Amino acid sequence: MAVLAGSPAVDHIPLLRSPDPGDNFSGMPVVDLSSPGAPRAIADACERFGFFKLVNHGVPADTMDRLESEAVRFFSLPQADKDRSGPAYPFGYGSKRIGLNGDMGWLEYLLLAVDAASLSAACAVPSCALFRAALNEYIAAVRKVAVRVMEAMAEGLGIAPVDALSAMVTAEGSDQVFRVNHYPPCHALQGLGCSATGFGEHTDPQLISVLRSNGTSGLQIALQNGQWVSVPSDRDAFFVNVGDSLQVLTNGRFKSVKHRVVANSLKSRVSMIYFGGPAMTQRIAPLPQLLGAGEQSLYKDFTWGEYKKAAYNSRLGDNMLAHFHR
Ligand code: GA4
């Protein structure tokens, strides 16, 4: 593993050879949520890539900008102040360490718990009232988008009821997480022809992830043939990922997309991501409406609680779902 020389704090951050600049995701599906064709387009994108860009989603630019400014303000605080909002586990501020099993990335972040449609009262950070208000406004809006997208997925898959998927994240006790990431510029790498790993490759364990970033790119996804492509940033759009649990609910029709983030050598990247997960006791198994005659589940039966525990005991790049294959 190549490492960043210099400071011991960054000794364990891997370097990556990024895709060539020509490897922008040229075939990226762009879905207009306000169009009648959205359900089919969403289902198609989830089957081919497990990923798409969402436009005309209805969340006001103000709601996104306010949260971005508050996040930038927070991440500009002196390190000692930010550390007072840590540790990241179960919830709070973290820097460079991802998860509890030794993964490192060139980023700092806030990991936050969501109850129903706002920050969990049990989540005492961030303490700043303006930041909390911006988070609550944004979380309520992005969660509505996630629900509309999941309803469109059900329609696109041709299954009833319309809330067959979305009910899992709106149900009492659903396990929703919100994360705000800051990838500082990695000046040391300027001109070296490689990038620092911001967030190493992984799939998301939940059902759905909805990401918004500032104008700095860095997100890359793996296509089904294993090729990595860069996703051009778009601060007005959302990027939606299929997670492992949704792959299982659709018996492998929707693909949980492998993705990663590389740090930029010149500019900061700020992203905010809503992760919609079900209640701990929710059984994760293919929806009967989606199983054809005689079709068997590709996976062993498990609950979200069991899967989450397995995921949190893994390294980022592990193929967690492989352990649950029949
Ligand atoms: C990936 C998706 C979410 O960011 C996250 C991550 C979590 C963490 O950062 O603590 C995990 C990662 C994520 C999957 C494997 C485990 C757990 C880090 C890690 C090594 C909050 C989540 O739910 O799973």
Side-chain angles (χ1 to χ4, degrees), residues 1 12-14 50-51 71 85-115 119-120 122-123 125 135 139 142-143 146 168-169 173-183 197-213 218-222 238-248 255-263 269-280 282 284 302-324:
M1 174 174 70
H12 294 99
I13 297 179
F51 182 85
S85 293
Y89 297 92
F91 295 105
Y93 171 80
S95 174
K96 298 195 178 75
R97 289 171 206 287
I98 300 171
L100 298 167
N101 304 306
D103 290 290
M104 305 282 280
W106 187 258
L107 87 165
E108 55 180 345
Y109 59 91
L110 280 165
L111 203 52
L112 305 168
V114 172
D115 264 354
L119 269 187
S120 159
C123 205
V125 294
L135 279 161
I139 289 169
V142 74
R143 184 181 183 263
M168 295 194 192
V169 297
S174 66
D175 184 25
Q176 308 167 86
V177 177
F178 193 72
R179 145 166 237 149
V180 188
N181 291 323
H182 172 224
Y183 301 91
T197 299
F199 206 113
E201 67 177 78
H202 66 286
T203 58
D204 293 339
Q206 292 84 357
L207 298 160
I208 189 172
S209 318
V210 183
L211 174 145
R212 188 263 175 184
S213 76
L219 178 63
Q220 302 181 342
I221 67 161
F238 288 120
F239 292 91
V240 179
N241 278 2
V242 170
D244 296 345
S245 300
L246 187 52
Q247 177 171 321
V248 175
K255 304 288 184 297
S256 178
V257 63
K258 210 194 276 177
H259 56 289
R260 66 186 185 190
V261 176
V262 297
R269 173 178 165 92
V270 176
S271 63
M272 34 235 207
I273 313 153
Y274 165 86
F275 299 96
M280 289 298 179
Q282 173 69 48
I284 308 293
F302 56 87
T303 63
W304 166 243
E306 287 163 345
Y307 192 67
K308 185 174 185 182
K309 189 168 166 216
Y312 277 67
N313 281 328
S314 322
R315 294 293 298 259
L316 207 46
D318 291 349
N319 181 354
M320 304 170 281
L321 210 43
H323 303 290
F324 292 85

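Quick caveat: nothing in here was measured; it's all calculated off a predicted structure. We count ligands from 1, going down the list as the structure has it; atoms in each ligand are counted the same way.
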*asked:* Below a 4.0 angstrom heavy-atom separation, can you tell me which part of Leu111, side chain or backbone, both or neither, approaches ligand 1?
replied: side chain

_Test of understanding: given a 4.0 Å heavy-atom threshold, classify the contact between Ile273 and ligand 1 as side chain, backbone, both, or neither._
neither

*Pro205 contact mode with ligand 1 (heavy-atom cut-off under 4.0 Å)*: side chain

_Within the protein, is there a heavy atom lying under 4.0 Å from atom 3 (C) of ligand 1?_
yes

*Is there any N or O on His202 that sits under 3.5 Å from an N or O of ligand 1?*
no

*Output yes when the distance from some N or O of ligand 1 to some N or O of Thr203 is under 3.5 Å, and no in every other case.*
no

_Interatomic spacing from CZ in Arg315 to CD1 in Ile98 - rounded to 0.5 Å_ = 10.0 Å

*If you measure from each heavy atom of Gln206 to ligand 1, is any distance below 4.0 Å?*
yes

*Would you indicate which of Tyr312, Tyr109, Phe275 comes nearest to atom 23 (O) of ligand 1 when only heavy atoms are counted?*
Tyr312

*Is Asn241 reaching over with its side chain to a backbone N or O of Ser256, donor-acceptor style, under 3.5 angstrom?*
no

*Close approach, Leu316 and ligand 1, non-hydrogen under 4.0 angstrom*: yes

*Do Tyr89 and ligand 1 have an N or O pair less than 3.5 Å apart?*
yes

